[in-house]
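Note that the coordinates shown come from a computational prediction; the quantities given were computed from them, not determined experimentally. Labels below follow one simple rule: chain letters A, B, ... track the order of the sequence lines, proteins then strands, and each chain is numbered from 1.
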Amino acid sequence: MIDLKALRDNPERFAQGAQKKNYSVDIDALLSLDERKRALQSEQESMRAEQKKLSKESGPKLGQLMGKLKNAEGEERAAIEAEVQSIKSAPAQLKEKIAELDEQINAIEPELRAILLSIPLPPDDDVPVGKTSDDNVEISRWAPEGWDYGKSFEQNKGFKARSHMELCEMHGLVDFPRGVKLAGSRSYILCGDGMRLHNAILRFAIDTMVNSHGFTPMSVPVLVREEAMVGTGFFPGGKDQAYEVNESTRGGGSDMYLTGTGEVGLMGLHQDEILDESEFPKKYVTVSTCFRREAGAAGKDTAGLYRIHQFDKVEQVIIDVADETKSRAHHKTMIGIVEDLLKSLGLPHRLLQCCTGDLGVKNADMVDIECWMPSRGEVDADGTPSGEFGETHSASRLYDFQCRRLNMRYREGGESGKGATTFCHSLNNTVAASPRILIPILEMYQNEDGSVTIPEALRPYMNGDTQIG
RNA sequence: GGAGAGGUGGCAGAGCGGUUGAAUGCGCUGGAUUCGAAAUCCAGUAUGGCCUCCGGGUCAUCGGGGGUUCGAAUCCCCCCCUCUCCGCCA
């Protein structure tokens, strides 16, 4: 959520930000609703103040009168009763008017909130302006010794690549038909060495985060309330991408949502809290199953492990003070961690600076990391794919957009009483998402006979095995 | 799933229809005392919105939402959550 005050001060900045991100939002409508609401509110407040004053006076007065009434007779009694009546009826008009204003304010509220939630965080000035992911800008690329991006897979390795689907079938690593039978399209079953490799990468990723980078490992809910989805910025915009569990229709309980990323659980953790600055930066890592409906992706990446409804992901999150310099530094750190991880796995990859059009509502800046996947890309005359980078990681810098929605603050100058509360800054990045990451692992580590060498870094998690098949 | 008890400030805990944004204790901050510290004493100590002549003013908030009332932390209804006992269970 953006800061409404900041919007009032500088609506142009948010209008331009939305435009750069390709979002159409009615800022003028928001401002006029806001202005109207504030006018109504202050009118109502002065009436409430009056009402409060009256009732503060009438309390003791009524007490006295009721006391007198006990001993009063005849005319005196009637007089007292009349006074009691007049005291009681005095605020009636106020009450009516207040209720009326209340109604008007309540009528404005939902629309105001809906627009406010939909206004994106303006991208940083150094983010390249662009419309779609085609306008993203490559920052750098890396490849292990022996891999030349200028050459085809065959030229590099001396044999034609098999796709990860072929390799999975060959070694019985993934059962697609039974996955579909069990759970519908975009479903799969990891089997035997496929499951072992999947587990190995997740364990390697989380161990690296905990042992080498000091992140605190967490296990968080993947089935959460709507507030957590709204708070983390996924709703209302991404509501059609989440699976919904309609508990309310079963009588009692509230509807829940399956999270598409561990970020929701990690960030939702401190919702509505005032955090202790001395504990900053908070660095969390989780491994969680992620659920995505992939609505609107029909026909896209239908085969294989690339775009699926359910997967497991190790996710990192950093929460710190509201300081742009620190946020930027954390962003670099989190990206660096992934680069090191991919290097230790020997996977060719590149860093991609996402353009404004590719950022989404909540990001001021986003860097994607893509691994080289030989089975993707254009297919030539004899059916050989060119190979292409495929997204495996995404590092977001959000400033206070998310924490504002989550109402997650800290007290400046530390502890106790003193200092204003400020919304925290948050960042997140993938560490490893599997089985998608199995695509480059299997395809890049395949040998001519179809066997797959296990990357050295994963062998400790594979009982020392060096090869599949 | 059944039965019961609860949710009040950073924490503990009172209040159960009126001047209560809320006693008291602990914690925390500042000051006094002290060579210094402990102890003691004094003062301060919630969050958010709106307005502001920047002195402050004002409203909301006692789990959340409705209602009763001139007036609700206090009474009523719905929801959420926690705890205890029983049942079931990885």
Practice item. Please determine, for B/rG1, whether a Watson-Crick or G-U wobble partner exists with both distances under 3.5 Å, and give it or none. Key: B/rC86
Point to revise | Counter-base of B/rG44, judged by Watson-Crick or G-U geometry with both distances under 3.5 Å | key: B/rC28
Check your understanding: With both distances under 3.5 angstrom, what nucleotide forms a Watson-Crick or G-U wobble pair with B/rA38?
Key -> none
Point to revise | Polar pair under 3.5 Å, donor/acceptor by atom type, side chain A/Gln51, base B/rG71 | key: no
**Study point:** Any A/Lys95 side-chain N or O less than 4.0 Å from OP1/OP2 of B/rG71
**Key:** yes
Practice item. Apply side chain to side chain donor-acceptor pair (under 3.5 Å) to A/Arg459 and A/Tyr461, showing your working. Key: CA-CA 5 Å; A/Arg459 290 177 193 170; A/Tyr461 298 96; over 6 Å; no
**Study point:** Stretch residues 5-14 of chain A: residues that reach within less than 4.0 Å of RNA chain B through a heavy atom
**Key:** A/Lys5, A/Arg8
Exercise for review: Look at the side-chain N and O atoms of A/Lys52 and state whether any lies under 4.0 Å from the OP1 or OP2 oxygen of B/rA60.
Suggested key: yes
**Study point:** B/rC75: pairing nucleotide in any strand, Watson-Crick or G-U under 3.5 angstrom
**Key:** B/rG67
Point to revise | Pair A/His309 + A/Tyr188: ring centers closer than 6.0 Å | key: no
Review point. For B/rC51, does either OP1 or OP2 sit under 4.0 Å from a side-chain N or O belonging to A/Arg38?
Key: yes
Check your understanding: Within this structure, what is the CD-to-P distance between A/Glu96 and B/rC70, rounded to whole angstrom?
Key -> 13 Å
Study note, to complete from the structure: Taken to the nearest whole Å, CG/A/Leu54 to P/B/rG71 is 11 Å
Review point. Considering Watson-Crick and G-U wobble pairs with both distances under 3.5 Å, what does B/rG17 pair with?
Key: none
Review point. A/Arg409 side chain N/O closer than 4.0 Å to the phosphate oxygens (OP1, OP2) of B/rU47?
Key: no
**Study point:** Stacked cation flag A/Arg436 on A/Tyr306, 6.0 angstrom / 45 deg
**Key:** yes
Check your understanding: Given atom CD1 of A/Ile98 and atom C1' of B/rG71, what is their separation to the nearest angstrom?
Key -> 12 Å
Exercise for review: Please say whether more than 12 non-hydrogen atoms of neighbouring residues, nucleotides or ligands are located less than 6.0 Å from CD in A/Glu166.
Suggested key: yes
**Study point:** N-O pairing of A/Lys37 and A/Glu111 below 4.0 Å
**Key:** no
**Study point:** Base-pairing mate for B/rA23 - Watson-Crick or G-U, with both contacts under 3.5 Å
**Key:** none
Review point. How many Å lie between CD on A/Gln41 and C1' on B/rG48, as a whole number?
Key: 11 Å
Review point. Once you round it to whole Å, what is the distance between P of B/rG67 and CD of A/Glu103?
Key: 10 Å
Check your understanding: Do NZ/NE/NH1/NH2 and the carboxylate oxygens of A/Asp9 and A/Lys5 come within less than 4.0 Å?
Key -> no
Check your understanding: Parallel, tilted or perpendicular: which describes the rings of A/Tyr243 and A/Phe291, with under 30° parallel and over 60° perpendicular?
Key -> perpendicular
Exercise for review: Tell me whether the OP1 or OP2 atom of B/rG48 has a side-chain N or O from A/Thr421 closer than 4.0 Å.
Suggested key: yes
